[in-house]
Amino acid sequence: MREVFRRPRGTQDILPDQVSRWRTVEEKFRHWCGLYGYWEVRTPAFESRALFERTVGDATDIVEKQMFRVGPPKADEGRPEQKEKEEWVLRPEGTAPVARAVLENGLLSRQSLVKLFYVAAIFRYERPQAGRLRQHHQCGVEALGSGDPALDAEVIDLGWNFLNDCHIEGLSVFLNSIGCLQPECRPRYRQDLLNYFWQKESLLCKDCRRRLQSNPLRILDCKEETCQPVARKAPKSWEYLCPACQDHFSRLQDHLSGMGIPFEIDGHLVRGLDYYQRTVFEFRHMGLGAQNTILGGGRYDGLIEELGGPATPGVGFGCGIERVLLAMVPTPNEQEQSAVIDVFVAPLTKAAQKEGVKLLSALRKKKIAADMDYSEPKNPTGTEELRSLKGQMRQAHKRRARLVIIIGDDELTRNFLTVRDMVEHRQWTVAFGDAVAKITAYILGQRDPSLR
RNA sequence: GCGGGCGUAGCUCAGCGGUUAGAGCGUCAGGCUGUGGCCCUGAAGGUCGCGGGUUCGAGUCCCGUCGCUCGCCCCA
């Protein structure tokens, strides 16, 4: 094979036979969001690099090495008069852009609680593997303006119902609280954790030693064999929660229990993004391989403030659509959803094709799904021949057309059309003049038998 | 950034170091005049990812390279 253009590493072409699966997931998500009172928002695919540095955290992997940079065109690159000193990146996550949009457009000055959802492409420069791509798609929700744990519960409940509606089996909910920024809460915990890990430094992997400086909470999460036992015996975050965080956490658990959502406390669940406070959660699916988190989220009460707005609490989650698709049990009829058409027009000569094309257009205007064969004759010069009737009938059958309209010399000279019902194996003729009306009526009658 | 596996037709894959590299599916055409599903026949389609090496001889062995894939890291 000659050299061809290939899609960029870690991206996917979603071909027609897969698109229906995507649409069902997206439609289910929109449906559930609607029931919970969330409104769709769409933000740009790229944002200021600083937005993510500030919110996600500049010591996180995402900011350190996973952001795709986008810049001005080559011709503009070195120009002194170029004003854009700002750096732009493809969005590596969904929450910060939504928070930015809420703040920038003053949505919270119109109402005290803003509930939004999004479906968006997310970009991260990583080595692809099963369930991990450089461009993936997330559907997510963000609820800003309330710190009530009932709102945390609502968000989790929404995710839970959505994923169950997608027929995902073997889903587990993991929950934790990483406290708040009050001195007696996370900072105190962090300090004790640091003391503990420094004592065990020799037992830690080299990444974790680095994390001692940058992000000690993440050591809890390390999968390295040597770090695991150390992490397991580390102080637990919930033992350090300040009274307010403790109350929040236990009320959330009450709500979830009341909603009948099974969950498990995971003291090692910290999540990689800096903006989280208090609640963090993940929905994991067994049997997805290494990347088994389908949905993840938490509370981010300091985020809006960090962006220069008023102190505003918020909760949300992001859910990986590709991972949902991997986890969904495929329903049998899902594969055979090739487009079914109502009418296939089969002209036998170029003269007949002129009539056929007119008929096609007229039928489609009547909302009848119609098509014909466009394959070019093998001998384009001279002959009047199109594809043989047999060939066209085969096409019609493959397209699962209900009716085939045959137009040949007989039809042309005597002003009628031959109509064949491919299901009932019957055929009849119709005068040219009322062909469109008759065919339309027949198809509508087939679709809804009560019209017959 | 680091490991493992794999690159043969559009797709899924056979192919013990030895002639002109195969199958199934798909595509196209035919099976007497203008009629579909099944069946039968035939055709098109491959520089065996690329480059080097070993050998009388390489799709097959070795090295490199690129790509894909799985895993580590991290995350959805």
Side-chain angles (χ1 to χ4, degrees), chain A residues 1-4 6-12 15 17 56 60-66 92-95 119-140 159 163 205-208 210-211 215 218 221-225 227 269-273 282-285 288-297 317-327 344 346-349 352 373 375-376 378 385-412 418-423 425-427:
Chain A
M1 197 199 298
R2 289 284 301 280
E3 188 175 316
V4 293
R6 311 180 54 87
R7 63 177 182 266
R9 169 179 293 178
T11 63
Q12 280 184 319
L15 301 178
D17 61 339
V56 174
T60 58
D61 276 17
I62 289 180
V63 168
E64 269 181 357
K65 49 193 182 193
Q66 297 182 343
E93 64 102 35
T95 301
V119 179
I122 304 286
F123 305 86
R124 281 182 213 164
Y125 189 82
E126 300 183 87
R127 278 300 291 275
Q129 69 188 68
R132 192 176 69 189
L133 297 158
R134 287 186 173 180
Q135 176 181 343
H136 76 279
H137 302 263
Q138 282 185 27
C139 50
L163 288 178
C205 69
K206 63 172 177 6
D207 283 330
C208 283
R210 193 175 48 83
R211 289 181 182 129
N215 195 348
R218 288 245 304 287
D221 213 13
C222 186
K223 276 109 191 163
E224 207 67 42
E225 292 228 0
C227 302
L269 178 54
V270 293
R271 303 197 49 74
L273 290 67
E282 279 183 6
F283 292 16
R284 297 185 206 134
H285 180 81
L288 259 201
Q291 313 301 323
N292 61 1
T293 301
I294 292 188
L295 179 154
F317 68 70
C319 176
I321 297 180
E322 282 84 352
R323 290 186 187 174
V324 171
L325 260 12
L326 285 174
F344 192 89
L348 301 184
T349 63
D373 181 72
S375 64
E376 297 174 273
K378 288 161 296 185
E385 294 300 305
L386 301 175
R387 181 182 278 188
S388 69
L389 181 57
K390 181 204 274 288
Q392 296 199 57
M393 292 298 286
R394 281 186 180 152
Q395 296 303 314
H397 180 256
K398 200 168 356 175
R399 298 290 300 278
R400 301 207 276 165
R402 178 67 197 239
L403 295 182
V404 176
I405 310 301
I406 299 164
I407 316 174
D409 288 338
D410 293 353
E411 284 81 356
L412 236 40
T418 298
V419 179
R420 179 173 179 84
D421 185 318
M422 297 291 274
V423 175
H425 313 281
R426 292 188 299 118
Q427 70 184 50

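Residue numbers begin at 1 in each chain, while the letters A, B, ... track the order of the sequences. Computed from heavy atoms alone, side chains included, the values below leave out hydrogens, waters and symmetry copies. Worth saying up front: this structure is predicted, and the values here are computed from it rather than measured.
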Taking side-chain contact (heavy atoms from CB on, under 4.5 Å) as the test, write out the residues that go with A/Leu133, two or more places apart. A/Gln12, A/His136, A/Glu322
Rounded to whole Å, CD of A/Gln129 lies from P of B/rG4 at a distance of 16 Å
Stem segments of RNA chain B by first residue number [Watson-Crick or G-U, under 3.5 Å, at least 3]: B:1-7 with B:66-72, B:10-13 with B:22-25, B:27-31 with B:39-43, B:49-53 with B:61-65
Using atom C1' of each nucleotide, how far apart are B/rG31 and B/rG18 to the nearest Å? 41 Å
Step by step, would you call A/Thr418 with A/Glu411 a side chain to side chain donor-acceptor pair (under 3.5 Å)? CA-CA 7 Å; A/Thr418 298; A/Glu411 284 81 356; 2.6 Å; yes
A/Arg124 and A/Ile62: CA distance, side-chain angles, deciding distance, side chain to side chain contact (heavy atoms under 4.5 Å, CB included) verdict: CA-CA 7 Å; A/Arg124 281 182 213 164; A/Ile62 289 180; 3.8 Å; yes
Between B/rC13 and B/rU54 - C1' atom distance, rounded Å: 29 Å
A/Gly10 or A/Thr293, whichever maps to the more 5' nucleotide of RNA chain B: A/Gly10
For A/Ala130 and for A/Asp61, locate the closest nucleotide of RNA chain B by heavy-atom distance; then report the residue assigned to the nucleotide nearer the 5' terminus. A/Ala130
Atom pair distance, as rounded to whole Å: CD in A/Gln12 and P in B/rA76: 18 Å
Taking every non-hydrogen atom, the tightest pair across A/Leu273 and A/Thr60: CA-CG2, 4.5 Å
Interatomic distance, NE2@A/His285 vs CG@A/Leu295, rounded to 0.5 Å, equals 13.5 Å
Could you tell me which residues satisfy salt bridge (charged side-chain N to carboxylate O under 4.0 Å, His left out) with A/Arg132, sequence neighbours excluded, listed by chain and number? A/Glu126
Using the P atom on both, measure B/rG22 against B/rG59 and round to a whole Å. 14 Å
In whole Å, what is the span from the CD1 atom of A/Ile122 to the C1' atom of B/rC75? 12 Å
How close do A/Ile122 and A/Gly94 get, counting heavy atoms only, and between which atoms? CD1-N, 3.9 Å
With a 4.5 Å cut-off on side-chain heavy atoms, are A/Gln135 and A/His137 touching? yes
Base, sugar-phosphate, or nothing for A/Leu133, non-hydrogen atoms under 4.0 angstrom? base
Pair of N/O donor and acceptor under 3.5 Å linking B/rC70 base with A/Gln291 side chain: no
Starting from the C-alpha separation in whole Å, work towards a yes-or-no answer on side chain to side chain contact (heavy atoms under 4.5 Å, CB included) for A/Leu163 and A/Val324. CA-CA 8 Å; A/Leu163 288 178; A/Val324 171; 3.7 Å; yes
Can you tell me how far C1' of B/rG1 sits from OH of A/Tyr125, to the nearest Å? 10 Å
Contacts under 3.5 Å, N or O only, protein and nucleotides 65-67 of chain B:
residue : atom : partner : partner atom : Å
B/rG67  : O2'  : A/Arg6  : NH2          : 3.1

Can you tell me how far P of B/rC2 sits from CD of A/Glu126, to the nearest Å? 16 Å
Pairwise P distance for B/rU8 and B/rA44, with rounding to whole Å: 22 Å
With rounding to the closest Å, how many angstrom separate the P atoms on B/rC75 and B/rG3? 23 Å
NA contact type, A/Glu93, heavy-atom cut-off 4.0 Å: base, sugar-phosphate, or nothing? nothing
B/rU19 to B/rC56 separation - C1' atoms, rounded to the nearest Å: 15 Å
Using the P atom as the point on both nucleotides, what is the distance between B/rA9 and B/rA21, in whole Å? 14 Å
Which whole-number value in Å describes the distance from A/Arg399 CZ to B/rG26 P? 17 Å
Side chains of A/Leu389 and A/Ile406 in contact at under 4.5 Å (non-hydrogen atoms): yes
How far does the C1' atom of B/rG52 sit from the matching atom of B/rC11, given to the nearest Å? 32 Å
Report yes or no: is there a donor-acceptor pair, N or O only, under 3.5 Å between the side chain of A/Arg387 and the base of B/rC28? no
Distance (rounded to the nearest 0.5 Å) between A/Gln427 CD and A/Met422 CE: 10.0 Å
How would you summarise protein contacts on nucleotides 34-41 of chain B per nucleotide, using B for base, S for sugar-phosphate only and - for none, with heavy-atom distances below 4.0 Å? BBBB----
Rounded to the Å, how far apart are A/Asp17 CG and B/rC11 C1'? 12 Å
List for me each residue that meets salt bridge (charged side-chain N to carboxylate O under 4.0 Å, His left out) alongside A/Arg426, sequence neighbours excluded, and say none if there are none. A/Glu424
Within the side chain of A/Arg323, is there an N or O that forms a donor-acceptor pair under 3.5 Å with the backbone of A/Thr293? yes
Return the value, rounded to whole Å, for the distance between atom CD of A/Glu322 and atom P of B/rC75. 18 Å
A/Gly94 near the nucleic acid: base, sugar-phosphate alone, or nothing, with a heavy-atom cut-off under 4.0 Å? nothing
So A/Arg271, base contact, sugar-phosphate only, or nothing? Heavy-atom distance under 4.0 Å. sugar-phosphate
